[in-house]
Amino acid sequence: MLKLDHIALAVADLDAAGATLRDSLGLASYAGGAHRSGATANRIVPLEDGAYLELIQVIDARAAAADPFGRRVAEGIEAPDEALIAWAVRTTEIDVVAARLGIPTTAMGRSLLDGTTLSWRVAGIQESLESHYLPFFIEWDQPDVHPSRVTAPHHLEAPRVDTIRLTGDRARLREWLGTDVDLVHLEVEAADDDRGEGIGSVALRDRGGGRIDLTPYTAIRVE
């Protein structure tokens, strides 16, 4: 069963972004760590339902230029309308998903602040980066230490992802996800000449019904 795992937001400065999200939107975060590629690092905004918002920054421009995901992060920082750079869906059967779509899996990881390593496998990264709206698939090697499990002192009560608005091809998205899906409501529009394919916005809600809309231009406000 596919479930929403995380949504990645490119920012110029992790600490400043975390402070702005906390002070302006009531969303707390914690330092994640550097990715194995050496190109990027992140902060995590843990949410309900096993999902999280990933703030991600380039920490080595040369390494990022040699890494497809690092290049996408750099593009998102330079072009705020593309700051919502990717989203991922979680599976416990990534080999089955990869076989269905005829795509490879790749092992990835990052170093935690305590020196341990968090590791996972992904599939569909290239397609996600090229389309700007398809998710990639992720399976965690240590699900008991999933990033969403860390408690953060939000000023909101139990924030969760309510809606992801995508601009893209509905039929391709349905085929990509398959039928074994348990996701938040998705709103998908057909791409046009004025607005390219991608993640248009993400809406969060807290337990009291409060709403936060994260748009690509959030990158401007959290630098």
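All residue numbers in this chain count up from 1 along the given sequence.
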query = Checking salt bridge (charged side-chain N to carboxylate O under 4.0 Å, His left out) for the pair Glu48/Arg160: CA distance, chi angles, key distance, verdict?
reply = CA-CA 5 Å; Glu48 293 294 296; Arg160 57 181 289 274; over 6 Å; no
Is it the case that the side chain of [X] and the backbone of [Y] share a donor-acceptor pair, with hydrogens and angles ignored and the cut-off at 3.5 Å?
{"X": "His6", "Y": "Ala86", "result": "no"}
{"X": "Arg71", "Y": "Ala64", "result": "no"}
{"X": "Gln57", "Y": "Leu14", "result": "yes"}
{"X": "Arg90", "Y": "Ile138", "result": "no"}
{"X": "Arg205", "Y": "Gly209", "result": "yes"}
{"X": "Asp60", "Y": "Arg62", "result": "yes"}
{"X": "Thr20", "Y": "Ala16", "result": "yes"}
{"X": "Glu139", "Y": "Ile94", "result": "yes"}
{"X": "Tyr30", "Y": "Pro147", "result": "yes"}
{"X": "Asn42", "Y": "Gly33", "result": "yes"}

For [X] against [Y], the heavy-atom pair lying closest together:
{"X": "Ala98", "Y": "Ala123", "value": "CB-CB, 4.4 Å"}
{"X": "His154", "Y": "Pro46", "value": "NE2-O, 2.8 Å"}
{"X": "Val11", "Y": "Ile77", "value": "O-CD1, 3.2 Å"}
{"X": "Trp120", "Y": "Asp141", "value": "N-OD2, 3.6 Å"}
{"X": "His155", "Y": "Arg22", "value": "ND1-O, 3.8 Å"}
{"X": "Val58", "Y": "Ala74", "value": "CG2-N, 3.9 Å"}

For residues [X] and [Y]: do they belong to one hydrophobic cluster (side chain heavy atoms under 4.5 Å, members Ile, Leu, Val, Met, Phe, Trp, Tyr)?
{"X": "Leu134", "Y": "Val96", "result": "no"}
{"X": "Leu2", "Y": "Leu186", "result": "yes"}
{"X": "Val181", "Y": "Leu4", "result": "yes"}
{"X": "Leu47", "Y": "Leu183", "result": "yes"}
{"X": "Val122", "Y": "Met1", "result": "no"}

Decide yes or no for [X] and [Y]: does some side-chain heavy atom of the first lie under 4.5 Å from some side-chain heavy atom of the second?
{"X": "Ile164", "Y": "Ile199", "answer": "yes"}
{"X": "Ser148", "Y": "Ile44", "answer": "no"}
{"X": "Ser119", "Y": "Arg36", "answer": "yes"}
{"X": "Arg43", "Y": "Asp15", "answer": "yes"}
{"X": "Pro135", "Y": "Leu177", "answer": "yes"}
{"X": "Glu189", "Y": "Arg170", "answer": "no"}
{"X": "Glu175", "Y": "Leu173", "answer": "no"}
{"X": "Asp95", "Y": "Arg121", "answer": "yes"}

ask   = Checking side chain to side chain contact (heavy atoms under 4.5 Å, CB included) against Val45, which of Leu21, Leu204, Leu9, Leu25 comes through?
value =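 Result: among Leu21, Leu204, Leu9, Leu25, Leu21 is the only option passing the side chain to side chain contact (heavy atoms under 4.5 Å, CB included) with Val45.
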task = Please assess Arg211 against Asp162 for the test side-chain contact (heavy atoms from CB on, under 4.5 Å), listing each intermediate value before the final yes or no.
result = CA-CA 9 Å; Arg211 178 185 175 94; Asp162 181 68; 4.1 Å; yes
key: Criterion ring pair (Phe, Tyr, Trp, His ring centres under 6.0 Å) on Phe137 and Trp176, from CA distance to verdict   = CA-CA 10 Å; Phe137 305 92; Trp176 185 250; 5.4 Å; yes
query = Does atom CD of Glu187 have more than 12 heavy-atom neighbours, drawn from other residues, nucleotides or ligands, at distances under 6.0 Å?
reply =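 Counting other residues, nucleotides and ligands, CD of Glu187 exceeds 12 neighbours.
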ask   = Quick check: are there more than 12 heavy atoms from other residues, nucleotides or ligands sitting under 6.0 Å from CD of Gln142?
value =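 Count over threshold, so yes.
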task = Using the salt bridge (charged side-chain N to carboxylate O under 4.0 Å, His left out) rule, take Lys3 and Asp5 through it: C-alpha gap first, then chi angles, then the decisive distance, then the call.
result = CA-CA 6 Å; Lys3 295 180 178 291; Asp5 191 74; over 6 Å; no
request  = Go through the steps for Ile125 and Thr106 under the test side-chain contact (heavy atoms from CB on, under 4.5 Å), then give the verdict.
outcome  = CA-CA 9 Å; Ile125 281 277; Thr106 303; over 6 Å; no
Straight-line distance of Leu55 CG to Ser29 OG, nearest 0.5 Å =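 So the CG of Leu55 and the OG of Ser29 are separated by 6.0 Å.
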key: Reported CD1-to-CD1 distance for the pair Ile7 and Ile56, which is rounded to 0.5 angstrom   =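 Spacing of CD1 (Ile7) from CD1 (Ile56) equals 13.5 Å.
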request  = In sequence, state the C-alpha distance, the side-chain angles, and the governing distance for Ile85 and Glu54, and then conclude on side-chain contact (heavy atoms from CB on, under 4.5 Å).
outcome  = CA-CA 10 Å; Ile85 57 172; Glu54 179 184 30; over 6 Å; no
Test log, rule side-chain contact (heavy atoms from CB on, under 4.5 Å), inputs Arg172 and Ser131 = CA-CA 10 Å; Arg172 188 182 182 201; Ser131 72; 3.9 Å; yes
query = Cut-off 3.5 Å, side chains only: do His185 and Thr163 have a donor facing an acceptor?
reply = no
remark   = With sequence neighbours left out, the residues meeting ring-ring contact (aromatic ring centres under 6.0 Å, His included) with His146 are Tyr52, Trp140
